[in-house]
Amino acid sequence: MVIASTSASLGCSTAQSSTPPSYVAPPIVNRSQASVELSANPVTDGSIVIVRVLVPQKLNEDQITGEFEGVELPFYQVPSKKPFIYEAVLGVPYGRKPGSGFVSVKLNLEKTKGSEPDVLVLPLEVKEGTYESETLSADNKFINPSVEDQERMKRDSAEIKEIYGTVTRKKHWKGPFRFPIKSKVTSQFGTKRVFNGEMKSFHTGLDLKAAEGTPIRAAAPGVVLMAKNLFMTGNTVILDHGYGVLTLYAHMTRIKVKKGQGVKKGALLGLSGMTGRVSGPHLHWMAIVHRMKVNPLDLTRVVK
């Protein structure tokens with residue numbers, strides 16, 4: 001961890017945020033000698049950052065809250081002896097312009113109503129990611145959808161938007177996430193997508209090479225929030241891993257789980273295919289943190 005002083009849409013979409021909001025850092029108040037750490041600083045847009053707080057006493061979940069540019073960060077306790085450790089998962093928006101921001105943490109240590117919270121603030125520097133571009137082809141109905149298909153896309157988007165806002169106060173995972181399949185990455189996160197000669201979107205996940213019928217497995221324990229066919233991503237499964245962390249698995253030929261089902265790490269979710277907008281069989285794997293589409297690779301190397 002990098003220690004810093006407290007004294008200071010669907011599968012592919014356009015950038016989520018371009019200009020950092022104008023937030024003013026609150027004054028720092030630290031009576032408890034608590035400290036805050038970030039897993040990395042600086043970071044590129046589209047990254048996952050772990051916010052870690054060390055405090056001298058055990059807290060209830062409503063005694064510690066965090067925020068980054070208007071996004072609330074819920075904390076979970078990490079098993080440890082004193083000092084007590086709490087962590088939150090932060091998703092830096094893809095497309096967020098380079099520049100400084102800050103993470104703030106409020107601690108209500110007194111447990112008495114009306115008591116003033118301690119406020120810890122850390123600067124977070126965001127750098128521009130070096131994302132490439134690629135040219136793809138797809139069925140024209142996905143590039144210029146009919147009126148009927150556009151209506152379906154609107155319904156899909158509304159359902160997805162609601163699901164992306166899920167924040168369950170239960171941490172299902174333990175340790176780094178795994179890849180859903182052992183395969184070559186054929187398209188990286190953040191790649192600019194050009195379909196049939198037109199710039200349409202950014203790739204907000206990883207494409208993994210997979211012959212049709214390859215078993216797709218859960219990257220970590222969780223609960224199935226969606227298991228259905230969508231216009232753009234075809235047969236799609238979304239898992240809730242807790243505390244605002246979701247993963248999405250798209251373009252499958254068959255789905256093997258149901259909505260509401262709990263799954264273990266490595267559980268069979270379905271079989272790979274080429275449903276939805278695709279140019280060939282593969283798995284599209286996404287990570288969503290507090291509505292932000294972020295690099296799934298970070299789940300395997302940053303999240304513990």
Working for side-chain contact (heavy atoms from CB on, under 4.5 Å), residues Arg178 and Thr300
CA-CA 6 Å; Arg178 56 166 281 174; Thr300 69; over 6 Å; no
Can you classify the ring geometry of Phe189 versus Tyr131 as parallel (below 30°), tilted (30 to 60°) or perpendicular (above 60°)?
perpendicular
Keeping the roles fixed (side chain from Asp207, backbone from Ser187), state whether a donor-acceptor pair exists under 3.5 Å.
no
For the atom pair OG (Ser272) and CE (Met252), what is the distance rounded to the nearest 0.5 Å?
9.5 Å
Taking everything shown except Arg254 itself, do over 12 heavy atoms lie less than 6.0 Å from its CZ?
no
When you compare the side chain of Ile48 with that of Leu299, does any pair of heavy atoms fall below 4.5 Å?
yes
Quick one: closest heavy-atom pair of Val224 and Ala227, and the distance?
CG1-CB, 4.0 Å
Examine Trp173 together with Tyr76 and report whether their ring centres are nearer than 6.0 Å.
yes
For Asp45 and Gly129, indicate whether the former's side chain and the latter's backbone hold a donor-acceptor pair under 3.5 Å.
yes
Audit row: Leu208, Lys184, side-chain contact (heavy atoms from CB on, under 4.5 Å) steps and yes/no
CA-CA 6 Å; Leu208 300 171; Lys184 177 183 177 181; over 6 Å; no
Do any N or O atoms from the side chain of Asn295 and from the backbone of Leu297 form a donor-acceptor pair under 3.5 angstrom?
yes
Transitively linked via ILVMFWY side-chain contacts under 4.5 Å: Val245 with Phe179?
yes
Taking the side chain as every heavy atom from C-beta outward, state whether Gln63 and Glu61 have any pair of such atoms under 4.5 Å apart.
no
Is the shortest side-chain heavy-atom distance between His282 and Lys209 below 4.5 Å?
no
Any side-chain donor-acceptor pair under 3.5 Å between Tyr164 and Thr166?
no
Indicate if Phe84 and Val51 have the same hydrophobic cluster label, given that clusters are the connected sets of ILVMFWY residues with side-chain heavy-atom separations under 4.5 angstrom.
yes
From Met286 atom CE to Ile238 atom CD1, the distance as rounded to the nearest 0.5 Å:
7.5 Å
Interatomic distance, CG@Leu271 vs OG1@Thr253, rounded to 0.5 Å, equals 7.0 Å
What do the steps show when you test Phe102 against Leu122 for side-chain contact (heavy atoms from CB on, under 4.5 Å), and what is the final call?
CA-CA 5 Å; Phe102 64 87; Leu122 277 180; over 6 Å; no
Look at the side chain of Thr233 and the backbone N and O of Thr236, then say whether any donor-acceptor pair between them is shorter than 3.5 Å.
no
Can any side-chain N or O of Glu151 pair as donor or acceptor with the backbone N or O of Glu148 at less than 3.5 Å?
no
Please lay out, stage by stage, how Phe75 and Thr65 fare under the test side-chain contact (heavy atoms from CB on, under 4.5 Å).
CA-CA 7 Å; Phe75 283 83; Thr65 59; 5.8 Å; no
Sidechain-backbone polar pair: Asn41 side chain, Glu125 backbone, donor-acceptor under 3.5 Å
yes
Enter the distance from Tyr243:OH to Lys170:NZ here, rounded to the nearest 0.5 Å.
10.5 Å
Interatomic spacing from NZ in Lys106 to CG in Leu73 - rounded to 0.5 Å
12.5 Å
Side-chain H-bond candidate by donor/acceptor type, Thr247 with His241, under 3.5 Å
yes
Taking the side chain as every heavy atom from C-beta outward, state whether Met292 and Val92 have any pair of such atoms under 4.5 Å apart.
no
Looking only at heavy atoms, which two atoms of His251 and Gly276 are closest? And how far apart?
ND1-CA, 4.4 Å
Keeping the roles fixed (side chain from Asp240, backbone from Leu246), state whether a donor-acceptor pair exists under 3.5 Å.
no
Can you find a pair of side-chain heavy atoms, one from Ile50 and one from Leu38, that are under 4.5 Å apart?
no
Using salt bridge (charged side-chain N to carboxylate O under 4.0 Å, His left out), reason through Arg96 and Glu69 one step at a time and then give a plain yes or no.
CA-CA 11 Å; Arg96 197 269 198 192; Glu69 298 185 346; 2.3 Å; yes
Glu128 atom CD, neighbour heavy-atom count above 12 within 6.0 Å:
no
Checking Asp156 side chain against Ile160 main chain: does a donor-acceptor pair fall under 3.5 Å?
no
Say whether Tyr249 and Ile181 are linked into one hydrophobic cluster, either directly or through other cluster members, by side-chain heavy-atom distances under 4.5 angstrom.
yes
Counting only N and O atoms by type, is there a donor-acceptor contact under 3.5 Å from the side chain of Thr204 to the main-chain atoms of Lys293?
no
Side-chain touch Pro74/Tyr86, heavy atoms, less than 4.5 angstrom:
no
Salt bridge or not for Lys228 and Glu159, using N-O below 4.0 Å?
yes
Does some side-chain heavy atom of Leu59 sit less than 4.5 Å from a side-chain heavy atom of Leu107?
yes
What is the minimum heavy-atom distance between Gly190 and Tyr94, and which atoms define it?
O-OH, 2.8 Å
Got Arg217 and Leu269 here, is their nearest side-chain heavy-atom distance under 4.5 Å?
no
What is the distance from atom CE of Met226 to atom NZ of Lys259, rounded to the nearest 0.5 Å?
7.5 Å
Any donor and acceptor pair, going by atom type alone, linking the side chain of Ser157 with main-chain N or O of Met153 inside 3.5 Å?
yes
If you look at every heavy atom in Ala220 and Leu239, which pair is closest and at what distance?
O-CD1, 4.2 Å
